[in-house]
Amino acid sequence: MRNFKFFIVALILVSCNRDDCSDKLDFKLDYHLFESIKVDGNDYCDLVLLSLENDKNSVINISKVDLSDFASYQHGAVLINVIEKYGEDRYIKDVFNDLSNEKRNLVIASLKAGVEFYKSSKKRNLNDFNTSFPKLSNIQN
């Protein structure tokens with residue numbers, strides 16, 4: 001009976017894990033860092049998945065998410081994946097140009113943190129923000 005209870009608890013914990021986000025990213029997302037985030041009825045994982053499918057509103061919404069601590073590094077890595085998939089030119093035209101200066105600075109800070117996340121984790125080779133996103137670095141304030 002004790003093993004059965006353990007099995008049920010483990011099954012619930014595994015089924016609640018939104019690791020389907022990680023399946024679309026090139027790193028494992030620590031989803032617990034983002035589980036309380038909801039924007040326009042979508043949780044963070046939904047925003048990630050929809051953004052990676054080039055849903056413009058989701059790309060806009062995920063660009064406005066403001067995080068701190070280690071979550072900001074992973075969020076920056078998510079934004080890197082989103083912008084690479086969406087295309088830097090299209091991202092600038094559809095999203096970045098319409099953001100306030102405060103939100104633009106937030107995106108730039110997140111991307112810089114994302115580059116550092118990749119450097120420290122050795123998950124992929126990104127030199128720095130300026131070479132990874134030359135067009136965004138040219139229009140930053």
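With contacts defined as side-chain heavy-atom distances shorter than 4.5 Å, the pair Lys112/Asp128 does not qualify. Counting heavy atoms from C-beta outward, Leu106 and Leu99 have side chains that stay 4.5 Å or more apart. Side-chain contact check for Leu111 versus Ile80: some heavy-atom pair is nearer than 4.5 Å. For the pair Phe34 and Asp43, the minimum side-chain heavy-atom distance is 4.5 Å or more.
The minimum heavy-atom distance linking His75 with Ile62 is given by the pair CE1-O, 3.1 Å. Nearest heavy atom pair, residue Ala113 against residue Ser72, reads CB-O, 3.8 Å. The two residues Gln74 and Lys28 have their closest heavy-atom pair at NE2-O, 3.8 Å. Scanning all heavy atoms of the two residues, the minimum distance from Ile83 to Phe133 falls at CG2-CE2, 3.6 Å. Listed here is the closest heavy atom pair of Val59 and Val95: CG1-CG2, 3.7 Å.
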**Item:** Chi angles and distances behind the side chain to side chain contact (heavy atoms under 4.5 Å, CB included) call for Lys64, Ile60
**Value:** CA-CA 7 Å; Lys64 293 179 180 178; Ile60 291 168; 3.7 Å; yes
**Test log, rule side chain to side chain contact (heavy atoms under 4.5 Å, CB included), inputs Ile139 and Phe96** = CA-CA 10 Å; Ile139 61 174; Phe96 195 78; 3.5 Å; yes
**Message:** Run Val78 and Phe117 through side chain to side chain contact (heavy atoms under 4.5 Å, CB included) and show every step you take.
**Reply:** CA-CA 10 Å; Val78 167; Phe117 171 82; over 6 Å; no
**Message:** Go through it in stages, so that I can follow the logic: the residues are Lys38 and Tyr44, the test is side chain to side chain contact (heavy atoms under 4.5 Å, CB included), and I'd like the CA-CA distance, side-chain angles, deciding distance and then a yes or no.
**Reply:** CA-CA 6 Å; Lys38 298 222 182 301; Tyr44 189 82; over 6 Å; no
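The backbone N or O of Phe129 sits nowhere less than 3.5 Å from a side-chain atom of Ser132 that would complete a donor-acceptor pair. Judged by distance alone, with hydrogens and angles left aside, the side-chain atoms of Asn105 form a donor-acceptor pair with the main-chain N or O of Asn101 at under 3.5 Å.
For Asp69, there are no salt bridge (charged side-chain N to carboxylate O under 4.0 Å, His left out) partners two or more places apart in sequence or in a different chain. Taking Glu88 as the reference, nothing meets the salt bridge (charged side-chain N to carboxylate O under 4.0 Å, His left out) condition, with sequence neighbours excluded.
Between the side chains of Tyr91 and Ser63, at least one donor N or O sits under 3.5 Å from an acceptor N or O. Asn42 and Asn61 form no side-chain donor-acceptor contact under 3.5 Å, judged by distance and modelled atom types alone.
Atom SG in Cys45 sits 11.5 Å away from atom CD1 in Ile37 (nearest 0.5 Å). Atoms CG and CZ, on Leu136 and Arg104 in that order, are 9.5 Å from each other to the nearest 0.5 Å. Residue Asp94 holds its CG atom at 9.5 Å from CG of Asn54, rounded to the nearest 0.5 Å. The structure places OG of Ser58 at 8.5 Å from CG of Asp40, a figure rounded to the nearest 0.5 Å.
In the hydrophobic clustering of this structure, Leu67 groups with Val48; members are Ile, Leu, Val, Met, Phe, Trp, Tyr whose side-chain heavy atoms approach within less than 4.5 Å, directly or through other members. No path of Ile, Leu, Val, Met, Phe, Trp and Tyr side chains, each step under 4.5 Å between heavy atoms, connects Leu50 with Leu79, placing them in separate hydrophobic clusters.
Within 6.0 Å of NZ on Lys85 lie no more than 12 heavy atoms contributed by other residues, nucleotides or ligands. A 6.0 Å sphere centred on OH of Tyr73 holds no more than 12 heavy atoms belonging to other residues, nucleotides or ligands.
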